[in-house]
Amino acid sequence: LASSLAEGTISALNYASRLNWLPYGLVAISIVTVLYPSITEFAVKGEEERIGAAVGRGLQLLAFIMIPSTFGLSLLRVPIVRLAFERGAFSPEDTLLTANALLFYSLGLVWISWRELLNRTFFAFQDTATAMKIGVVSMVANIGFNLALIRPLGYRGLALGTSLAAFTAVCLLLYRLNSAVRTFHMGSLLLGLLKIFVSSGLMAGAVWWVRDALFLPQGLLNQTVTRIVGRGALFDAAGLLLCVATGLAVYGVSAWMLNIETLYDLLDTARGVGERCLRISLTKGLG
């Protein structure tokens with residue numbers, strides 16, 4: 001389908017997909033890999049209560065990281081693509097093409113991550129048929145979405161079709177999981193998801209303001225940062241760093257104000273890792 005569109009379309013989709021898969025590969029796969037052995041152990045022992053809790057906490061954790069990542073990729077897509085690829089034969093026009101594709105790919109980031117964890121959950125139950133059937137439905141849906149969206153949206157419709165297919169698969173997997181695991185609490189998951197969306201929205205508002213102040217020619221911070229670091233890759237890197245720092249600060253505070261439990265889980269984990277590292281360091285020093 002992409003080959004029937006304008007020249008450069010396939011490259012734009014490939015570059016955008018590569019950026020979109022970066023947080024998935026670095027974060028989502030790591031989380032799922034850590035959770036999967038525990039879910040498998042609970043399934044073997046028939047501990048349904050612990051299975052529901054583990055899957056619910058895993059989905060919340062993935063959402064807590066991937067939803068703000070979606071907002072960040074969407075808002076900062078142009079400077080991200082420019083910093084990553086715009087050099088040599090990669091022109092500003094190519095940057096805009098890739099950034100537009102990244103916008104629609106990023107909408108499916110959380111659903112792709114959830115799909116991975118939910119598929120592994122059914123694998124833990126030795127139920128590969130459910131994952132396979134829903135995978136086939138997702139593939140057919142992807143083709144259908146692509147055919148429906150390519151005319152009004154062009155290559156962007158192909159990226160959006162991928163995201164919508166992932167969302168379709170997640171809806172089917174959650175419906176099946178809610179029937180199979182009675183201790184899985186859909187209401188708690190949706191409430192947590194709502195809080196995360198609110199926090200991410202507040203973060204997005206702050207990032208939007210900083211982005212415009214930095215990257216628009218008439219922005220309040222544009223001239224100041226330009227005088228310090230100049231134009232080019234260093235300017236984009238400094239601007240992105242400032243946007244990310246602002247977003248993290250606002251997201252952390254809003255998550256704390258909304259009492260999102262996943263934040264405390266992450267802080268406890270970080271504290272435990274820090275204490276272990278300190279203990280190892282002191283032990284080696286004494287040795």
- [ ] Test Phe123 against Ile39 for side chain to side chain contact (heavy atoms under 4.5 Å, CB included), laying out the working first.
- [x] CA-CA 10 Å; Phe123 294 160; Ile39 296 173; over 6 Å; no

TODO: Could you label the plane-to-plane angle of the Tyr15 and Phe90 rings as parallel, tilted or perpendicular, counting under 30° as parallel and over 60° as perpendicular?
DONE: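 Tyr15 and Phe90: perpendicular rings.
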
Task: Parallel, tilted or perpendicular, as decided by the 30° and 60° cut-offs, for the rings of Phe64 and Tyr251 - done: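 Aromatic pair Tyr251/Phe64 classed tilted.
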
TODO: Return the set of residues passing side chain to side chain donor-acceptor pair (under 3.5 Å) with Glu261 (not counting sequence neighbours), or none when no residue passes.
DONE: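 Side chain to side chain donor-acceptor pair (under 3.5 Å) list for Glu261, sorted by chain: empty.
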
Same cluster (ILVMFWY, side-chain, under 4.5 Å), [X] and [Y]:
X	Y	value
Ile65	Ile196	yes
Ile29	Val27	yes
Leu107	Met203	no
Val210	Leu241	no
Trp111	Met66	yes

Open item on the list: side chain to side chain contact (heavy atoms under 4.5 Å, CB included) for Gln60 and Ile260? Distances and angles first, verdict last.
Closed with: CA-CA 10 Å; Gln60 291 270 14; Ile260 298 178; 5.7 Å; no

At their closest point, which heavy atom of [X] faces which heavy atom of [Y], and how far apart are they?
X	Y	value
Leu35	Gly58	CD1-CA, 3.4 Å
Leu149	Gly161	CD1-N, 4.1 Å
Leu109	Asn20	CD1-O, 3.4 Å
Ala237	Leu83	CA-CD2, 4.1 Å
Leu75	Ala204	CD1-O, 3.5 Å
Gly72	Ile80	O-CD1, 4.5 Å

Could you tell me whether the side chain of [X] and the main chain of [Y] form a donor-acceptor pair under 3.5 Å?
X	Y	result
Asn119	Arg115	yes
Thr70	Ser106	yes
Asn142	Ser138	no
Asp94	Ser91	yes
Arg176	Leu173	no
Ser163	Phe104	yes

Do [X] and [Y] touch side chain to side chain, with heavy atoms closer than 4.5 Å?
X	Y	value
Leu118	Ile134	no
Leu174	Trp114	yes
Thr130	Phe125	no

- [ ] Assess whether atom CZ of Arg120 is packed by more than 12 heavy atoms of other residues, nucleotides or ligands within 6.0 Å.
- [x]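 Buried by this count: over 12 neighbours within 6.0 Å.
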
Task: With sequence neighbours excluded, residues passing ring pair (Phe, Tyr, Trp, His ring centres under 6.0 Å) with Tyr105 - done: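 For Tyr105, no residue satisfies ring pair (Phe, Tyr, Trp, His ring centres under 6.0 Å) once neighbours in sequence are set aside.
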
Working to the nearest 0.5 Å, report the span between [atom1] of [X] and [atom2] of [Y].
X	Y	atom1	atom2	result
Arg57	Leu189	CZ	CG	13.5 Å
Leu96	Arg82	CG	CZ	9.0 Å
Thr246	Arg211	OG1	CZ	13.0 Å
Phe145	Thr162	CZ	OG1	10.5 Å
Phe71	Leu202	CZ	CG	10.0 Å
Trp21	Leu26	CH2	CG	13.0 Å

TODO: Evaluate the criterion side chain to side chain contact (heavy atoms under 4.5 Å, CB included) for residue pair Leu62 and Val110; output intermediate values, then yes/no.
DONE: CA-CA 7 Å; Leu62 288 170; Val110 65; 5.6 Å; no

TODO: Take Ile67 and Leu193 through the side chain to side chain contact (heavy atoms under 4.5 Å, CB included) test and state the conclusion after the steps.
DONE: CA-CA 9 Å; Ile67 290 176; Leu193 202 61; 3.6 Å; yes

Task: Asn14 and Ser17 side chains, donor-acceptor separation under 3.5 Å - done: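 Distance-only check fails for Ser17 and Asn14.
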
TODO: For a side chain to side chain contact (heavy atoms under 4.5 Å, CB included) with Tyr155, tell me which candidate from Leu160, Leu13, Ile10 qualifies.
DONE: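 Only one option passes, and that is Leu13.
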
